[in-house]
Undergrad: 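First the structure, then my questions, so here it is.
These values consider heavy atoms only, across backbone and side chains, with no hydrogens, waters or symmetry-generated copies. Naming: A, B, ... by sequence-line order, numbering from 1 per chain. Remember, it's a predicted structure, so these values are computed and weren't measured experimentally.
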Protein chains: 2
Amino acid sequence: MADKKPIPILMERLARILLNDSHAGGLKPTQWEALRYLSRANRFSRSPGAVTAYLGVTKGTVSQTLSALERKGLITKATDQADRRGVQINLTRQGAKMLQHDPAISIETATRQMTAIDRAQLSASLEGVVLRLLRDRGGRPFGACKTCRHFKKSAPKGAPHFCTLLGEPLTASDSQAICVEQENAA
Amino acid sequence: MADKKPIPILMERLARILLNDSHAGGLKPTQWEALRYLSRANRFSRSPGAVTAYLGVTKGTVSQTLSALERKGLITKATDQADRRGVQINLTRQGAKMLQHDPAISIETATRQMTAIDRAQLSASLEGVVLRLLRDRGGRPFGACKTCRHFKKSAPKGAPHFCTLLGEPLTASDSQAICVEQENAA
DNA sequence: CCTATTAGTATCGAATCGAAACCAATAGGA
DNA sequence: TCCTATTGGTTTCGATTCGATACTAATAGG
């Protein structure tokens, strides 16, 4: 039997494969990451600042990356009417379509071979490591809105849910999506 | 209980954390990766070509990266006497010392919290995914020399081991290290 | 109002990357 | 022995990424 391989080395090789793959498909690695994030973020989280927090890079880099995505017609930018310093980002139809050619899909394919048990175990282990690393770095978890301690489930069935932090109603899709502000419910 | 998070997304976030961390400590991400590889490779595998195969980037990028490491005094380059096209790379004392400040050590730290069972499981799952991805891409596994089908264990105790592919004797440290040519024994 | 803070943008220089051109040593015939 | 093909590396190019820093504009808080 082969020796147990060190986890850090396996993770580094995985990261490298992911990085190399991400040069394909007409976008650059960071552009793919930003586009992917924007497709999964709720409306409070589709801003340059949120992308910055998610990626953990500087504002300048994000600003350039988003400009590139806008130039390619994959996203639109509009000044936030509530706070006119802010910028609201939305995916265009082309942007959504582009994600179907996301080179990172191969990771998904590679894990589909595992048993459901193994996948669940792997997901849990990775999540533990990621959350620990994020915590050490003061980063946000970016969990699903509906798992947040500020999430108030709609009382009358059919009514919108509610965010007690932002004081805003939440559509069904907002509450499924990930959020900058998310903090795990106690 | 929180939902099971998608494995690809967790892996991408991990890769991003790793990439961001790797800008610290005086080297750049690719420089760290190359240096790390060179510290773990046996003498047949410390060449620009092997680094190219390991990282999966182009020759040009590797050439530049190695020049930078040489300029910083972390490695030495010498033309291979057997095949004078080739270049033999070795870590300097400074290079070895530099690795003690490898920012990727935090990954190691983060996994130390897990139980030994979970770590073994995680290592096995990751290895499966990495090997599958590498195979799809025509990449080499870079396993330990002694696990290779060309590895011939020393018959008289104390004598050197032997590589039947390259026709060369192997020191103990050579056979522990990783090798470009490694192919898993049947 | 006046200052501090916050959200983004713009600019700079170094590193990274793929692509392509290039060079020198080796290999493999004819 | 030549002659060509291949192989191992380097060089150069242009786009992207990135941290750092300086900057602009809108909001917030006395």
Undergrad: Starting the side chain at C-beta, find the nucleotide from C:dG18, D:dG9, C:dA15 nearest to B:Gln31.
TA: C:dA15
Undergrad: For C:dC17, take OP1 and OP2 only and decide whether either is under 4.0 Å from a side-chain N or O of B:Thr61.
TA: no
Undergrad: Between A:Gln88 (CD) and C:dA7 (C1'), how many Å, whole number?
TA: 13 Å
Undergrad: Could you tell me the separation between the CG atom of A:Leu27 and the P atom of C:dG18, rounded to a whole number of Å?
TA: 16 Å
Undergrad: Over all strands shown, is B:Ser67 touching base, sugar-phosphate only, or nothing at heavy-atom distances under 4.0 angstrom?
TA: nothing
Undergrad: Mind calculating the distance between CG (B:Asp80) and P (D:dT10) to the nearest angstrom?
TA: 13 Å
Undergrad: D:dT17 P sits how many Å from A:His23 NE2, rounded?
TA: 9 Å
Undergrad: Counting any heavy atom closer than 4.0 Å, what does A:Leu55 reach on the DNA or RNA strands: base, sugar-phosphate only, or nothing?
TA: nothing
Undergrad: With the side chain counted from C-beta on, respond yes when A:Asp136 and B:Thr109 share a heavy-atom pair under 4.5 Å apart, and no when they do not.
TA: no
Undergrad: Do A:Ser123 and B:Leu10 come within less than 4.5 Å of each other through their side chains, counting heavy atoms only?
TA: yes
Undergrad: Measuring from the side chain of A:Ser47 (C-beta onward, heavy atoms only), which nucleotide among C:dT26, D:dT16, C:dG8 has the closest atom?
TA: C:dG8
Undergrad: Starting the side chain at C-beta, find the nucleotide from D:dG8, C:dG8, C:dT16 nearest to B:Arg85.
TA: D:dG8
Undergrad: If you look at every strand shown and take non-hydrogen atoms under 4.0 Å, does A:Leu19 touch a base, only sugar-phosphate, or nothing?
TA: sugar-phosphate
Undergrad: Strictly below 4.0 Å: does A:Thr30 bring a side-chain N or O up to OP1 or OP2 of D:dC18?
TA: yes
Undergrad: Quick one: A:Asp21 CG to C:dC17 P, roughly how many Å, whole number?
TA: 13 Å
Undergrad: Is any side-chain nitrogen or oxygen of A:Lys59 closer than 4.0 Å to OP1 or OP2 of D:dC18?
TA: no
Undergrad: Could you tell me the separation between the CG atom of B:Asp83 and the C1' atom of D:dT6, rounded to a whole number of Å?
TA: 12 Å
Undergrad: Ignoring hydrogens and angles, tell me if any N or O in the side chain of B:Gln113 forms a donor-acceptor pair with the backbone of A:Val129 under 3.5 Å.
TA: no
Undergrad: Does B:Gln64 make a side-chain N or O approach to OP1 or OP2 of C:dA14 shorter than 4.0 Å?
TA: no
Undergrad: CD of B:Glu33 versus P of C:dT16: gap in Å, rounded?
TA: 10 Å
Undergrad: Would you say B:Arg16 places a side-chain N or O within less than 4.0 Å of OP1 or OP2 belonging to D:dT17?
TA: no
Undergrad: Round to a whole Å and report the spacing from CZ of B:Arg71 to C1' of D:dT10.
TA: 14 Å
Undergrad: Could you check whether any side-chain heavy atom of B:Asn42 comes within less than 4.5 Å of a side-chain heavy atom of B:Gln182, counting everything from C-beta outward?
TA: no
Undergrad: Supply the members, apart from B:Ile117, of the Ile/Leu/Val/Met/Phe/Trp/Tyr cluster built from side-chain contacts under 4.5 Å; use none for a lone residue.
TA: none
